[in-house]
Amino acid sequence: MTSKVITVTSGKGGVGKTTTVANLAAALAADGKKVVCIDGDIGLRNLDVIMGLENRIVYDVVDIVEGRCRTRQAMIRDKRLPDLFLIPAAQTRDKNAVSPSDMVRLCNELREEADWILIDSPAGIERGFRNSIAPADEILIVTNPEMSAVRDADRVIGLLEAEEKPAPSLIINRMNPDMVKRGDMLSVEDVYDLLRINVIGIVPEDENVIIASNRGTPLALDGKGRAGQAFRNIAHRLNGEEVPFMDLEARSIWERLTKLTRGR
């Protein structure tokens with residue numbers, strides 16, 4: 001398999017972007033792939049905490065860029081998966097310490113040894129976002145099914161088009177079917193109609209996500225939770241497999257998405 005760089009981003013903070021990166025990385029590594037995660041949120045790192053690696057940091061991505069260490073020295077091996085690595089963000093530096101060309105060079109170096117490189121992009125549209133999308137072969141946008149998050153996701157889609165990046169795919173996170181039925185949450189169809197990009201995953205609301213994040217253990221490694229299964233399904237789709245969407249409601253989401261896609 002040719003190595004691939006995937007950037008996970010969002011227009012709004014707090015939608016579960018970093019949790020998504022940790023879980024997709026764990027799922028891909030559990031499937032026998034070599035995966036390197038890069039925390040692109042310089043000055044506000046969180047990926048190390050969700051992966052349970054915060055106490056192992058010695059060097060970070062800025063140390064690599066500024067030549068204080070080799071790339072290998074900054075790569076922290078996961079505690080559970082020997083083929084999963086993290087390059088953490090610097091916590092005390094400005095986002096301008098890294099440029100888009102720096103990220104491209106780093107990812108090109110990592111392509112020599114990794115199957116997947118996942119970049120956790122800061123939310124929004126500033127320098128850190130531009131750094132993170134620069135080397136991307138594929139971009140995933142994470143949104144919650146609420147109007148403010150979807151509106152901000154739409155703005156990111158416009159920016160990606162202006163940068164002539166590949167068409168992104170969408171992950172709808174924290175979907176609650178009961179709230180949708182009551183009219184208190186946007187449905188899958190509502191989100192799709194507003195954004196009109198390929199939906200690669202729908203992750204149900206699951207309190208175990210918070211518990212797993214606090215423990216530093218990605219939920220994708222737990223065979224029980226529905227959110228963990230949803231993340232594993234997304235990882236399979238990234239690998240080119242056809243996996244039906246989980247049936248969160250009476251009528252299959254897979255059936256509804258198929259109809260929506262045919263109407264594009």
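Sequential numbering from 1 along the given sequence is applied to the chain's residues. In this text, all values refer to a predicted model and were calculated from it rather than measured experimentally. Note: hydrogens, waters and symmetry copies are ignored here, and every other heavy atom, side chains too, is used.
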Starting at [atom1] of [X], measure out to [atom2] of [Y] and round the result to the nearest 0.5 Å.
X	Y	atom1	atom2	answer
N176	D206	CG	CG	11.0 Å
D137	I117	CG	CD1	8.0 Å
C107	E112	SG	CD	12.5 Å
I64	E109	CD1	CD	7.5 Å
S121	D41	OG	CG	7.5 Å
D154	L159	CG	CG	10.0 Å

Please name the pair of heavy atoms, one in [X] and one in [Y], separated by the smallest distance, quoted to 0.1 Å.
X	Y	answer
K4	R111	CA-NH1, 4.4 Å
L86	L47	CD1-CD2, 3.6 Å
P168	I197	O-CB, 3.7 Å
G40	P122	O-CD, 3.5 Å
L81	A30	CD2-CA, 4.0 Å
K17	V8	CD-O, 3.4 Å

How about [atom1] on [X], more than 12 heavy atoms from neighbouring residues, nucleotides or ligands closer than 6.0 Å, or not?
X	atom1	result
R68	CZ	yes
R80	CZ	yes
I211	CD1	yes
E241	CD	yes

Do the non-hydrogen side-chain atoms of [X] and [Y] ever get within less than 4.5 Å of each other?
X	Y	answer
F231	V203	yes
L24	L140	yes
R56	K79	yes
M51	D39	no
I157	I141	yes
L118	L28	yes
I202	M246	no
L110	I38	yes

* For K12 and E146, run side-chain contact (heavy atoms from CB on, under 4.5 Å): C-alpha distance rounded to whole Å, both residues' side-chain angles, the deciding distance at 0.1 Å, then the answer. => CA-CA 11 Å; K12 183 177 183 289; E146 58 181 79; 3.9 Å; yes

Any side-chain to backbone donor/acceptor pair from [X] onto [Y]? Under 3.5 Å, distance only.
X	Y	value
K34	P82	no
N173	V142	no
R174	N144	no
N23	L219	yes
D184	M179	no

* Give the intermediate values and the outcome of side-chain contact (heavy atoms from CB on, under 4.5 Å) for residues N239 and K33. => CA-CA 10 Å; N239 268 317; K33 308 299 182 183; 3.9 Å; yes

When you group the ILVMFWY residues by side-chain heavy-atom contacts below 4.5 Å and let the links chain together, are [Y] and [X] in the same group?
X	Y	value
M103	L160	no
I6	I87	no
V61	I119	yes
M75	V65	yes
L221	I76	yes

* Could you go through the salt bridge (charged side-chain N to carboxylate O under 4.0 Å, His left out) check for D102 and R105 one step at a time? => CA-CA 5 Å; D102 291 328; R105 282 193 295 271; 2.4 Å; yes

* **R130/E163 under salt bridge (charged side-chain N to carboxylate O under 4.0 Å, His left out): CA gap, chis, key distance, verdict** => CA-CA 9 Å; R130 297 186 185 282; E163 294 285 335; 2.6 Å; yes

* Asked: Given the rule in the side-chain contact (heavy atoms from CB on, under 4.5 Å) test, do V188 and F245 qualify, once you have shown the distances and angles that lead to the verdict?
  -> CA-CA 12 Å; V188 173; F245 284 78; over 6 Å; no

* Just checking, R72 and Y59: is the charged tip under 6.0 Å from the six-membered ring centre and within 45° of the axis? -> no

* Structure fact -> Given the options L53, V36, V35, L84 meets side chain to side chain contact (heavy atoms under 4.5 Å, CB included) only with V35

* Scan D178, V180, D190 and name whichever one has a side chain to side chain contact (heavy atoms under 4.5 Å, CB included) with M185. => V180

* Apply the test side-chain contact (heavy atoms from CB on, under 4.5 Å) to residues Q91 and I57: give CA-CA distance (whole Å), side-chain angles for both, the deciding distance (0.1 Å), then the verdict. => CA-CA 11 Å; Q91 202 164 18; I57 296 174; over 6 Å; no

* **salt bridge (charged side-chain N to carboxylate O under 4.0 Å, His left out) between D222 and R215, intermediate numbers included** => CA-CA 13 Å; D222 178 1; R215 291 176 177 170; over 6 Å; no

* To do: Start with the C-alpha distance between S99 and S101, add both sets of side-chain angles, then the distance that settles side-chain hydrogen bond (donor to acceptor under 3.5 Å, both in side chains), and finish with yes or no.
  => CA-CA 5 Å; S99 69; S101 59; 3.0 Å; yes

* Asked: Hey, mind stepping through R226 and Q229 against side-chain hydrogen bond (donor to acceptor under 3.5 Å, both in side chains) and telling me if it holds?
  -> CA-CA 5 Å; R226 299 198 79 193; Q229 183 61 57; over 6 Å; no

